[in-house]
Protein chains: 2
Amino acid sequence: MNDDGVADGLRERTRRAVRAELSALALAMFAERGFDQTTVDEIARAGGLTKRSFFRYFPAKEDVVFGGVDVLGEQVVEEIRARPAGEDPWQCLHQVLRRWEERIHGSERELAAHRLIESTPSLRARRHEKREQWRTRVSAALQDRAGATLDTFTADLLTNAASAALDTVSREWLRSGGTADRAALTDRAFALLRPAVLGT
Amino acid sequence: MNDDGVADGLRERTRRAVRAELSALALAMFAERGFDQTTVDEIARAGGLTKRSFFRYFPAKEDVVFGGVDVLGEQVVEEIRARPAGEDPWQCLHQVLRRWEERIHGSERELAAHRLIESTPSLRARRHEKREQWRTRVSAALQDRAGATLDTFTADLLTNAASAALDTVSREWLRSGGTADRAALTDRAFALLRPAVLGT
DNA sequence: GAGCATATGACACCAGGTGTCATCTCTGAC
DNA sequence: GTCAGAGATGACACCTGGTGTCATATGCTC
């Protein structure tokens with residue numbers, strides 16, 4: 001057993017391999033025939049297993065798309081807690097999320113995934129749902145941060161706004177065909193929305 | 001025939017009555033047993049019709065909740081187009097959405113609906129999906145507005161941020177048990193997120 | 001009252017998702 | 001090396017949201 005991260009046993013390795021293969025397979029099929037026009041059963045069969053087993057790898061059909069595409073992660077929450085005490089909450093969000101954006105390498109796979117997500121309502125809904133979960137935790141982290149006196153409303157507002165910024169960046173990045181600099185766009189978005197006066 | 005608004009014929013009246021009754025019924029059942037624990041068939045049967053007919057009144061199970069709860073409307077788009085030419089886009093969004101918030105009367109029904117939405121992932125997802133559709137149109141309206149020179153990225157960013165503000169207000173309003181002043185909260189949110197410099 | 005649109009029920013069907021059980025395979029302890 | 005237990009799989013049944021179709025009934029209009 002090992003904690004959360006990368007595992008070693010052959011079992012874990014094959015499991016990850018199957019996941020990746022299934023994910024790639026599904027993405028290809030989605031790109032060709034559309035998300036809704038491709039059934040789970042078809043994906044599973046194409047990957048050499050049954051529908052039932054597919055759902056043992058992914059909790060839902062939508063999740064096969066969010067393989068490498070981090071919606072937001074534990075790491076973000078931790079990094080926020082680790083930020084310097086006196087720092088402006090918005091600045092804090094900006095820096096942490098900027099680093100997170102920088103980690104997204106614009107591989108062809110990633111681009112296809114984003115394209116698919118952006119053009120499929122149920123996928124966008126799923127992303128939003130996932131991000132909402134993280135956002136709640138980020139909001140709490142922002143409040144818990146050393147030296148922060150932030151009411152819940154403001155904390156929620158800031159994290160919601162940050163999430164909106166990420167959405168906008170993602171959309172613009174897609175519009176550019178994956179060539180735009182996500183970090184730069186992030187800077188622009190965060191600069192524009194920078195709260196006038198904090199610490200009311 | 002009449003345009004969009006209130007119709008007169010007995011048919012239209014009964015249709016609206018059934019819709020309202022179904023909506024109230026469903027809301028009560030959801031409140032008691034939870035959204036996922038209540039099937040469409042049960043709601044339909046309780047309302048004296050079949051599952052098939054339920055879906056002739058509502059395109060999806062989620063939609064029975066968004067009866068009086070406007071997610072955003074055509075009116076908002078029009079009002080934006082009607083705003084004074086020189087006005088700051090953010091100011092424009094603020095004013096229009098503030099008026100929209102003021103129209104929300106905090107009835108018990110409304111409160112219950114919001115409570116349900118806020119606590120049910122699939123409903124939040126649906127709301128987001130609906131709002132996204134309007135947001136796109138609002139974004140376009142903002143760009144088309146007389147005297148506006150707004151690039152797509154900024155327009156999207158502003159409408160996304162405005163949507164985030166509405167979400168936050170809604171959540172805070174719910175936290176207060178429906179007693180908070182939505183218009184005032186809206187003012188606070190829009191004041192905090194006011195873009196530093198517009199018209200790059 | 002004839003003729004038409006609309007609403008409904010009944011029924012079949014599809015797809016996403018889950019529970020269950022028998023079987024097989026890999027892993028770790030002895 | 002063997003053996004027991006954990007994990008993965010397939011098969012199957014089942015639930016639920018959602019749609020297509022058709023026959024029938026109920027209004028609405030002239």
Side-chain angles (χ1 to χ4, degrees), chain A residues 1-2 7-23 25-27 29-30 33-66 116-117 120-127 129-130, chain B residues 1-2 7-23 25-27 29-30 33-66 116-117 120-127 129-130:
Chain A
M1 250 168 277
N2 75 11
D8 333 294
L10 181 127
R11 236 155 194 167
E12 304 297 325
R13 251 183 299 149
T14 48
R15 184 170 173 81
R16 261 181 298 149
V18 171
R19 256 186 82 97
E21 192 192 323
L22 227 43
S23 186
L25 196 57
L27 220 58
M29 295 176 77
F30 291 157
R33 306 167 43 193
F35 183 79
D36 292 322
Q37 279 64 51
T38 312
T39 71
V40 170
D41 202 72
E42 288 167 338
I43 301 168
R45 288 299 168 193
L49 29 73
T50 54
K51 186 182 75 164
R52 192 62 185 90
S53 280
F54 174 93
F55 285 112
R56 287 180 179 124
Y57 281 95
F58 300 96
K61 185 187 180 186
E62 283 85 13
D63 289 303
V64 81
V65 179
F66 302 99
L116 192 66
I117 293 169
T120 312
S122 67
L123 286 175
R124 280 208 308 268
R126 186 78 174 181
R127 180 180 62 182
E129 212 174 314
K130 283 166 168 285
Chain B
M1 253 168 274
N2 74 12
D8 332 294
L10 180 125
R11 240 164 191 159
E12 303 297 325
R13 251 183 299 150
T14 48
R15 183 169 173 80
R16 260 180 300 147
V18 171
R19 255 186 83 96
E21 193 192 322
L22 228 43
S23 186
L25 195 58
L27 220 58
M29 295 176 75
F30 290 157
R33 305 165 43 192
F35 183 79
D36 293 322
Q37 280 65 51
T38 311
T39 71
V40 170
D41 202 72
E42 289 167 337
I43 301 169
R45 288 298 170 193
L49 30 73
T50 54
K51 185 183 77 165
R52 192 65 185 87
S53 281
F54 174 93
F55 285 112
R56 285 178 180 124
Y57 282 95
F58 301 96
K61 184 187 180 186
E62 282 86 12
D63 289 305
V64 81
V65 179
F66 302 98
L116 192 65
I117 294 169
T120 312
S122 68
L123 286 175
R124 282 209 307 268
R126 186 77 173 183
R127 181 179 62 183
E129 211 174 315
K130 283 167 169 282

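A note on names: the letters A, B, ... follow the listed sequences, proteins ahead of strands, and every chain is numbered from 1.
Protein atom CG of A:Asp41 is 13 Å distant from nucleotide atom P of C:dG17, rounded to whole Å. Regarding A:Leu49, its CG atom lies at a distance of 21 Å from the P atom of C:dT23, rounded to whole Å. Note: CZ (A:Phe54) to C1' (D:dG10) measures 16 Å, nearest angstrom. In this structure, B:Arg13 places its CZ atom 18 Å from P of C:dT6, rounding to the nearest Å. Going from atom CG of A:Asp63 over to atom P of C:dG16 covers 13 Å, rounded to whole Å. In this structure, B:Glu12 atom CD and C:dA5 atom C1' are separated by 12 Å, rounded to whole Å. For the pair A:Asp36 CG and C:dC14 P, the computed distance is 17 Å after rounding to whole Å. The CZ atom of B:Arg126 sits 13 Å away from the P atom of D:dG17 (whole-angstrom rounding).
Pairing each heavy atom of B:Arg124 with each of B:Ile117, the nearest pair is CG-O, 3.1 Å. Heavy-atom minimum distance, A:Thr38 versus A:Met29: OG1-O, 3.7 Å. Taking all atoms of both residues into account, the shortest heavy-atom contact from A:Phe54 to A:Ile43 is CE1-CG2, 4.1 Å. Between A:Ala125 and B:Glu129, the shortest heavy-atom contact is CB-OE1, 4.0 Å.
When the nearest nucleotides of DNA chain C are assigned to B:Arg15 and A:Lys51 by heavy-atom distance, the more 5′-ward of the two goes with B:Arg15.
Between C:dG9 and B:Ser53, a contact under 4.0 Å exists linking OP1 or OP2 to a side-chain N or O. Distances shorter than 4.0 Å separate some side-chain N or O of A:Tyr57 from OP1 or OP2 on D:dT9.
At a cut-off of 3.5 angstrom, counting only N and O atoms as typed in the model, there is no donor on one side facing an acceptor on the other between the side-chain of B:Arg52 and the base of D:dG17. Judged by distance alone with a 3.5 Å cut-off, no donor-acceptor contact links the side chain of B:Lys61 to the base of D:dG18. Residue-to-nucleotide contacts include no donor-acceptor pair under 3.5 Å from the side chain of A:Arg56 to the base of D:dG7.
Closest approach to the B:Arg45 side chain among D:dA8, C:dA10, D:dG18 is made by C:dA10 (side chain taken as heavy atoms from C-beta onward). With D:dG7, D:dG10, D:dG18 as the choices, the nucleotide that has an atom nearest any side-chain atom of B:Phe55 turns out to be D:dG18.
Between A:Phe66 and A:Leu123, the closest side-chain pair of non-hydrogen atoms falls below 4.5 Å.
Across all strands, A:Thr38 comes closer than 4.0 Å only to sugar-phosphate atoms, never to a base (heavy-atom distances).
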